[in-house]
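Comments concern the structure below.
For clarity, every value in this text was computed on a predicted model and none was experimentally measured.
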Amino acid sequence: MRRRSRAGSVKSRRRKSASRKRASGTKAPRPRSSAVASPHSEAARLASELSAMGGILRLISASPDNLGAVLQSVAEQAAQICQAQYVDIFILEHDNLRNLAWFGEIHRTLAFPLDRSSVSGRSVCDMRPVSVDDMQNAGDEFARGREVARKGGQRSIVGVPLIREGRALGTIVVSRTEIRPFERKHIDLLTNFAAQAVIAIENTRLLNELRQSLQQQTATADVLKVISRSTFDLQVVLDTLVESSARLCDADSAAIHRPRFLPLRRKLWLFA
């Protein structure tokens with residue numbers, strides 16, 4: 001009969017003891033590859049976002065009067081970074097939302113009345129981001145948006161308003177064709193894009209006001225020159241006024257009418 005050595009039995013007990021410790025809840029060390037990859041992916045995401053915003057700002061600087069091109073760039077960048085299929089940028093005009101730029105091929109209504117029955121309208125009315133996880137199954141408070149989503153195939157939707165000095169100018173609406181709610185980082189990014197869109201809108205407004213002011217000053221100067229040169233020729237002055245008015249108002253025709261007044265008869269009343 002063979003006996004096992006004490007050394008062998010000691011090693012056996014050590015192995016059993018180690019196996020019991022691991023089974024009792026001691027976790028084996030995990031590979032650190034995922035922990036290392038996460039910071040790199042986050043850095044890449046931030047670099048992509050900064051590059052996109054830098055490109056938009058450069059476009060605003062290079063084309064301050066081309067609002068359509070700037071908003072189109074915002075829509076394309078928002079779709080790419082937010083991994084969305086559709087993006088629409090609406091501007092508020094006379095209680096209507098008008099679509100100025102978009103990304104993704106889908107049937108669109110280019111203008112509709114402002115109300116709270118859609119993500120776009122509600123984000124403008126409330127002046128805050130509005131997100132719906134599944135627009136096709138949204139409640140009656142989103143009746144218009146639910147109908148549009150069922151026709152177009154949108155599911156998860158978020159709208160971020162364009163705010164300037166406490167007033168909503170429009171909204172950016174981003175849609176996905178799957179139920180995948182937007183994260184906080186996407187809403188923050190769209191808020192930055194909205195701020196850039198507001199800069200472009202404000203630049204365009206200021207340039208238009210400057211052009212109108214210069215045109216009015218030029219027209220006034222032209223009329224004053226004609227008056228100084230043609231003091232006794234009323235027809236020339238009136239023709240210049242008509243031409244300047246048509247040009248400033250972008251009208252096809254203009255005219256000046258002069259009513260004929262009957263001479264007033266003066267009566268002398270004598271009182272005793």
Connected via hydrophobic side-chain network under 4.5 Å: [X] and [Y]:
X      : Y      : answer
Val124 : Leu162 : no
Met135 : Ile187 : no
Ile91  : Val173 : no
Leu169 : Leu67  : yes
Val160 : Phe182 : yes

On a heavy-atom basis, which atom in [X] and which in [Y] lie closest, and how many Å separate them?
X      : Y      : value
Ser118 : Phe112 : OG-CE1, 4.4 Å
Gln136 : Arg155 : NE2-CD, 3.1 Å
Gly159 : Ser123 : O-CB, 3.8 Å
Leu189 : Cys82  : CD2-SG, 4.3 Å
Val74  : Phe193 : CG1-CB, 4.0 Å
Val87  : Arg108 : O-NH2, 3.7 Å

State, yes or no, whether a side-chain contact exists between [X] and [Y] at a heavy-atom distance under 4.5 Å.
X      : Y      : answer
Gln154 : Gln85  : no
Phe103 : Gln80  : no
Leu114 : Leu92  : yes
Ser156 : Val132 : no

[X] with [Y]: basic N within carboxylate O range, under 4.0 Å:
X      : Y      : value
Arg116 : Glu141 : no
Lys185 : Glu183 : yes
Glu165 : Arg167 : no
Arg146 : Asp140 : yes

Measuring from [X]:[atom1] to [Y]:[atom2], what's the distance to the nearest 0.5 Å?
X      : Y      : atom1 : atom2 : value
Arg122 : Met127 : CZ    : CE    : 15.0 Å
Ile89  : Ile172 : CD1   : CD1   : 4.5 Å
Leu97  : Thr109 : CG    : OG1   : 11.5 Å

Is it true that Thr171 and Ser120 share a donor-acceptor pair across their side chains at a distance under 3.5 Å?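 No, Thr171 and Ser120 have no side-chain donor paired with an acceptor closer than 3.5 Å.
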On the six-membered ring of Phe90, is Arg98 placed so that its NZ or CZ lies under 6.0 angstrom from the centre and within 45° of the ring axis? no
Side chain to side chain contact (heavy atoms under 4.5 Å, CB included) assessment of Leu190 paired with Val174: CA-CA 9 Å; Leu190 291 174; Val174 183; 3.7 Å; yes
Under 3.5 Å donor-acceptor, Asp115 side chain and Ser117 backbone: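 Yes, Asp115 side chain to Ser117 backbone: donor-acceptor pair under 3.5 Å.
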Counting only N and O atoms by type, is there a donor-acceptor contact under 3.5 Å from the side chain of Asn96 to the main-chain atoms of His94?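 Yes: the side chain of Asn96 pairs with the backbone of His94.
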Side chain to side chain contact (heavy atoms under 4.5 Å, CB included) between Thr177 and Tyr86: does it pass, once the steps are laid out? CA-CA 8 Å; Thr177 55; Tyr86 306 115; 3.6 Å; yes
